[in-house]
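In what follows, a structure is listed as structure tokens, so that the remarks can point back to it.
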Amino acid sequence: MNLKSKILYLFFLICFLTIANCYADSSLRGLKGYEENVIDAAKNARLHSNLGNIYFEEKNYTAALKEYQIAYNLTADNYSSSVYLYNIARCFINLGAPNIAIKPLKGAIDKNYSNLIYYETLADCFVKTNTAQKELSNYLKDTSNPYNKIMAGFIYLKMGNKVTARTIFDDFINEYPKMEVVQDIKTLIKKL
């Protein structure tokens, strides 16, 4: 290799290394701050839930259902999960499938025992699917969970037996006066 070839070779090598260095530097600059661009699942869950609310108001229950399901899958928070499950159940009810709504409603109650609307809606589903009497006997038999009394009370209420429902709610209040849900049950009893 002569001197001219060596200089030319060195020139191309320097050019190549300079270009490679610039490319690598610009690629790394794109990574700077990547920690700030982490996906916030809870924020995205709220976004999908809000979209679901819009679709629900428009009576587009299939689209609302999909959005609520996405929101539920993105969240690990029990309170939010219960709300999304309840909304999923409402979509199924409005789509004429109260039998499918039962499972998400039970899940909503498992995640948040203190929301009475979940119990009331579940009792409605039992009545609509003609399973109220069977479910009532199951809830009355299982005394290990105090919230089963609330469910039994709502089933009686939805079956038109207000007196028995009120008695069960009164018993719950007397037996568990310090539970968070007691005040809501007292308010419910006043309406009966």
Side-chain angles (χ1 to χ4, degrees), residues 45 49 52-53 55-57 59-73 75-192:
S49 178
N53 293 340
Y55 287 130
F56 193 90
E57 287 177 21
K59 298 184 183 345
N60 186 347
Y61 303 118
T62 304
L65 176 63
K66 289 177 184 174
E67 294 299 332
Y68 291 139
Q69 287 170 329
I70 292 169
Y72 174 72
N73 289 329
T75 191
D77 171 282
N78 273 347
Y79 176 79
S80 297
S81 293
S82 71
V83 172
Y84 302 148
L85 285 169
Y86 173 69
N87 289 336
I88 288 168
R90 289 186 323 143
C91 290
F92 281 124
I93 291 166
N94 283 295
L95 289 168
N99 56 322
I100 299 173
I102 290 171
K103 184 177 179 180
L105 283 168
K106 286 182 176 182
I109 291 170
D110 285 343
K111 292 180 180 295
N112 181 359
Y113 283 101
S114 63
N115 195 329
L116 295 185
I117 193 73
Y118 300 167
Y119 296 93
E120 184 176 10
T121 307
L122 182 57
D124 280 332
C125 288
F126 290 151
V127 170
K128 288 177 184 174
T129 59
N130 297 317
T131 59
Q133 195 61 49
K134 177 186 161 218
E135 294 293 340
L136 177 61
S137 63
N138 290 337
Y139 283 105
L140 290 173
K141 283 179 193 173
D142 183 6
T143 57
S144 65
N145 183 347
Y147 291 97
N148 285 348
K149 279 192 172 191
I150 296 173
M151 194 65 241
F154 271 109
I155 294 172
Y156 274 120
L157 186 62
K158 294 301 176 172
M159 289 173 39
N161 194 338
K162 289 183 180 181
V163 174
T164 306
R166 184 184 175 107
T167 302
I168 288 176
F169 291 140
D170 280 335
D171 287 347
F172 181 87
I173 290 170
N174 291 329
E175 213 172 320
Y176 307 102
K178 296 185 187 227
M179 285 194 162
E180 175 183 329
V181 73
V182 166
Q183 191 57 44
D184 292 336
I185 293 174
K186 286 180 180 179
T187 303
L188 174 68
I189 289 172
K190 286 178 185 175
K191 293 178 183 177
L192 297 179

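Shown here for Met151 and Tyr119, the closest heavy-atom pair between the two residues is CE-O, 3.2 Å. Taking each heavy atom of Tyr176 and Pro146 in turn, the nearest pair found is CZ-CB, 3.3 Å. Here the closest non-hydrogen pair linking Asn112 and Ser82 is CB-OG, 3.5 Å. Between Lys128 and Pro98 the shortest heavy-atom distance is CB-CG, 4.0 Å. Between Asp184 and Ser114, the shortest heavy-atom distance links the atoms OD2-O, 3.9 Å. The two residues Ala64 and Gly52 have their closest heavy-atom pair at CB-O, 3.4 Å.
Each of Leu136, Asn99, Leu105, Ile102 was evaluated against Phe126; a single residue qualifies, Ile102, per the side chain to side chain contact (heavy atoms under 4.5 Å, CB included) test. The only member of Ile109, Asp110, Ile150 that meets side chain to side chain contact (heavy atoms under 4.5 Å, CB included) when paired with Tyr118 is Ile109.
Contact check for Lys186 versus Phe169: no side-chain heavy atoms found under the 4.5 Å cut-off. A heavy-atom distance below 4.5 Å is not found between the side chains of Leu116 and Thr187. Inter-residue side-chain proximity for Leu188 and Phe154 is flagged as met; some heavy-atom pair is nearer than 4.5 Å. Here the side chains of Asn87 and Phe56 are not in contact, with every heavy-atom distance at 4.5 Å or above. Proximity of Asn145 to Asn148: side-chain heavy atoms (C-beta onward) are separated by under 4.5 Å at one or more points. In this structure the side chain of Arg166 never reaches within 4.5 angstrom of the side chain of Val163, judged on heavy atoms.
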side-chain contact (heavy atoms from CB on, under 4.5 Å) between Val181 and Tyr113, worked out: CA-CA 8 Å; Val181 73; Tyr113 283 101; over 6 Å; no

Could you walk me through whether Val182 and Lys178 pass the side-chain contact (heavy atoms from CB on, under 4.5 Å) check? CA-CA 7 Å; Val182 166; Lys178 296 185 187 227; over 6 Å; no

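A distance of 11.0 Å separates CD1 in Ile88 from NZ in Lys103, rounded to the nearest 0.5 Å. Put simply, CG on Leu122 and NZ on Lys158 are 11.5 Å apart, with the number rounded to the nearest 0.5 Å. We find the CD1-CD distance between Ile70 and Glu67 to be 4.5 Å, quoted to the nearest 0.5 Å. Distance check: Glu120 CD to Leu157 CG gives 7.0 Å after rounding to the nearest 0.5 Å. Residue Ile185 holds its CD1 atom at 10.5 Å from NZ of Lys149, rounded to the nearest 0.5 Å. One distance of note links CG of Leu85 with NZ of Lys106; it measures 13.5 Å at 0.5 Å rounding.
Other residues, nucleotides and ligands contribute more than 12 heavy atoms inside 6.0 Å of the CD atom of Glu175. Atom OH of Tyr86 is surrounded by more than 12 heavy atoms from other residues, nucleotides or ligands within 6.0 Å.
Side-chain atoms of Asn73 come within 3.5 Å of backbone atoms of Gln69 as a donor-acceptor pair (strictly under, hydrogens ignored). Thr164 contributes no side-chain N or O that, together with a main-chain N or O of Asn161, makes up a donor-acceptor pair within less than 3.5 Å. A side-chain donor-acceptor contact under 3.5 Å links Asn174 to the backbone of Asp170.
Ring centroid separation for the pair Tyr55 and Tyr61 does not come in under the 6.0 Å cut-off.
Residues Thr62 and Asn60 bring no donor and acceptor atom of their side chains to less than 3.5 Å of each other. A donor-acceptor contact closer than 3.5 angstrom is absent between the side chains of Thr75 and Asp77. Residues Tyr68 and Ser49 bring no donor and acceptor atom of their side chains to less than 3.5 Å of each other.
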